[in-house]
Number of protein chains: 2
Amino acid sequence: MDGPTFREKSVLHSVPDIDTSEALTERQKAVLDAALRLLVEEGDQLTMTAVARRASCSKETLYKWFGDRDGLLTATVQWQASKVRVAPVDGKGLDLASLTASLERFASDWLKVISSDTSIALNRVAVSHAGSGKDNLGAVVLENGRFALAKRLKPVLEAGRRTGLLDFADAETAFRTFFGLVARDVQIRLLLGDRLELTEAAIGGDAARATQQFLALHGAKPGRKASDS
Amino acid sequence: MDGPTFREKSVLHSVPDIDTSEALTERQKAVLDAALRLLVEEGDQLTMTAVARRASCSKETLYKWFGDRDGLLTATVQWQASKVRVAPVDGKGLDLASLTASLERFASDWLKVISSDTSIALNRVAVSHAGSGKDNLGAVVLENGRFALAKRLKPVLEAGRRTGLLDFADAETAFRTFFGLVARDVQIRLLLGDRLELTEAAIGGDAARATQQFLALHGAKPGRKASDS
DNA sequence: GGCAAGCCGTACCGTACGTTACGGTTCGGC
DNA sequence: GCCGAACCGTAACGTACGGTACGGCTTGCC
């Protein structure tokens with residue numbers, strides 16, 4: 001059987017939620033992993049020849065499976081996206097400590113993601129792609145990055161509001177505030193080639209700081225200050 | 001006389017402060033404007049032939065003036081950067097109203113910049129470039145964007161701290177918080193091809209919100225000493 | 001006028017790379 | 001053992017584009 005062909009021209013934001021990249025042979029996954037590794041190492045100029053050589057497959061096979069270069073790129077990005085899908089957080093019994101921990105966890109995870117070589121490479125190629133007419137890759141990356149994060153975080157925020165720990169009018173706006181406090185200038189600096197290695201400790205500190213700032217802005221407790229707790 | 005050649009391989013962050021792109025003929029500026037327009041319209045695949053045709057000049061001239069394609073790109077980016085250089089804000093008599101107005105102004109200006117077609121196109125090409133070995137463009141964009149903003153905003157923040165209106169330990173950290181509150185997810189979404197047109201009104205609202213949030217975090221509230229933190 | 005410099009337009013060259021074609025090999029089904 | 005399908009490796013093709021060369025035109029200077 002031959003795999004899917006990945007040629008649908010999906011409009012932005014039309015990716016349903018769970019996408020279609022699951023009918024993949026083990027061999028195909030291996031090929032995509034090779035392409036991914038090459039993408040991280042070499043940047044956008046991964047050539048079909050290079051992928052074929054790295055994956056020890058023929059170019060004919062690449063074209064049969066993925067249609068053309070864009071199809072291969074899209075499949076690679078979706079394959080990576082399918083690997084990082086995580087279990088949603090359950091709205092269990094919530095107190096300030098667990099809410100803080102959840103937020104810090106989200107912040108820390110997100111910082112780790114956007115500072116990883118893989119994410120940087122993928123975002124770079126998607127940004128380039130978005131500049132060149134066809135918007136597919138940018139939509140995929142956005143959907144599996146920023147929008148997936150929102151979808152996982154918003155239930156936590158709303159649970160916090162229900163239990164009276166948080167106070168905000170619009171969950172989307174609150175999420176974007178949190179996003180800004182966490183990411184700040186990190187992603188754009190990394191994409192533009194700034195060194196800026198985030199150590200584990202720095203990420204932890206930033207996650208805690210962002211969480212405290214968010215709680216200072218949207219925590220419901222009256223009379224609180226950002227520095228205590 | 002022939003202009004500069006733009007071939008220096010400057011290391012990241014080594015751009016002094018005011019760069020060298022001022023010895024330009026009117027004709028050269030016109031050519032760079034044409035390249036800039038083409039970059040905005042066509043994305044990264046502006047070819048030397050296209051620039052020559054658009055600018056009504058010969059390719060030979062392009063190569064003589066700018067060395068090679070990268071030189072042209074770099075000159076174009078620096079040319080655009082030199083156009084947006086603004087007068088620094090003076091640390092005049094500062095009260096809460098004028099500080100708030102200044103911050104809102106910075107926020108609004110910055111949102112306008114990063115949502116402009118020109119900025120998006122320039123950042124896209126710089127991000128692509130940063131992925132392909134040579135980091136020059138990314139450094140230039142960073143230096144004239146995010147770092148230039150910091151250099152202009154920090155004196156305002158520090159003046160606010162001196163007059164007791166603001167309370168923060170590190171100006172750099174405070175700036176990055178402000179940056180995050182203003183930009184949030186806007187830039188990455190635009191770079192990845194998300195529509196998201198910011199109207200004048202929306203920008204104004206966002207600037208005011210970000211400013212209020214920043215003041216909530218770092219404003220010296222009555223009943224709180226400027227020295228604790 | 002004569003001359004040199006700068007520049008335009010265009011033709012040209014070399015190469016990289018996407019895409020296709022094809023011979024050879026492996027493997028499952030009969 | 002035989003057949004066809006899938007696939008590997010490699011060669012070949014077409015094109016787009018970076019870079020160069022050159023003839024002709026304008027301009028300023030003597």
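The chains referred to below are lettered A, B, ... by the order of the sequence lines, with proteins before strands, and numbering in each begins at 1. Every value quoted in this text rests on a predicted model; they were computed, and no experiment measured them.
- Candidate nucleotides D:dT20, C:dT19, D:dC8 were compared by shortest atom distance to the side chain of A:Arg69, and C:dT19 ranks first.
- Atoms OG1 and CZ, on A:Thr76 and A:Arg37 in that order, are 11.5 Å from each other to the nearest 0.5 Å.
- Side-chain atoms of B:Glu60 come within donor-acceptor range of the base of D:dC22, with a qualifying N/O pair under 3.5 Å.
- Residues A:Arg124 and A:Leu191 meet the side-chain proximity criterion, which asks for heavy atoms closer than 4.5 Å.
- The side chain of A:Asp68 lies closest to C:dT19, out of C:dT19, D:dG18, C:dG9.
- If you measure from atom CD of A:Glu42 to atom C1' of C:dA16, you get 15 Å, rounded to the nearest angstrom.
- Residue-to-nucleotide contacts include no donor-acceptor pair under 3.5 Å from the side chain of A:Lys59 to the base of D:dT10.
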Chi angles and distances behind the salt bridge (Lys or Arg N to Asp or Glu O under 4.0 Å) call for B:Lys151, B:Glu143 | CA-CA 10 Å; B:Lys151 225 161 280 174; B:Glu143 201 61 37; 3.6 Å; yes
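- Ranking C:dG18, C:dC7, D:dA6 by closeness to the A:Met48 side chain, first place goes to C:dG18.
- When distances run from any side-chain atom of B:Lys64 to the nucleotides C:dC7, D:dG18, C:dC8, the shortest one goes to C:dC7.
- Checking the phosphate oxygens (OP1, OP2) of D:dC7, a side-chain nitrogen or oxygen of A:Trp65 falls inside 4.0 Å.
- Between A:Asp194 and B:Arg146 there is no salt bridge, since no side-chain N of the basic residue sits under 4.0 Å from a carboxylate O of the acidic one.
- The ring-ring contact (aromatic ring centres under 6.0 Å, His included) with B:Phe178 is formed by just one residue from the set B:Phe106, B:Phe214, B:Trp110; it is B:Phe214.
- Among the nucleotides D:dA6, D:dG19, D:dC8, the one closest to the side chain of A:Ser58 is D:dC8.
- Separating the CG atom of A:Asp70 from the P atom of C:dC17 is a distance of 16 Å, rounded to the nearest angstrom.
- Between A:Thr61 and the phosphate of D:dC8, there is a side-chain N or O to OP1/OP2 separation shorter than 4.0 Å.
- Whole-Å rounding puts the A:Leu72 CG to C:dG18 P distance at 10 Å.
- Note: OH (A:Tyr63) to P (D:dA11) measures 17 Å, nearest angstrom.
- Computed from coordinates, the B:Leu62 CG to D:dC17 C1' distance equals 14 Å when rounded to whole Å.
- Listed pair A:Arg27 / D:dC8 meets the phosphate criterion, a side-chain N or O lying under 4.0 Å from OP1 or OP2.
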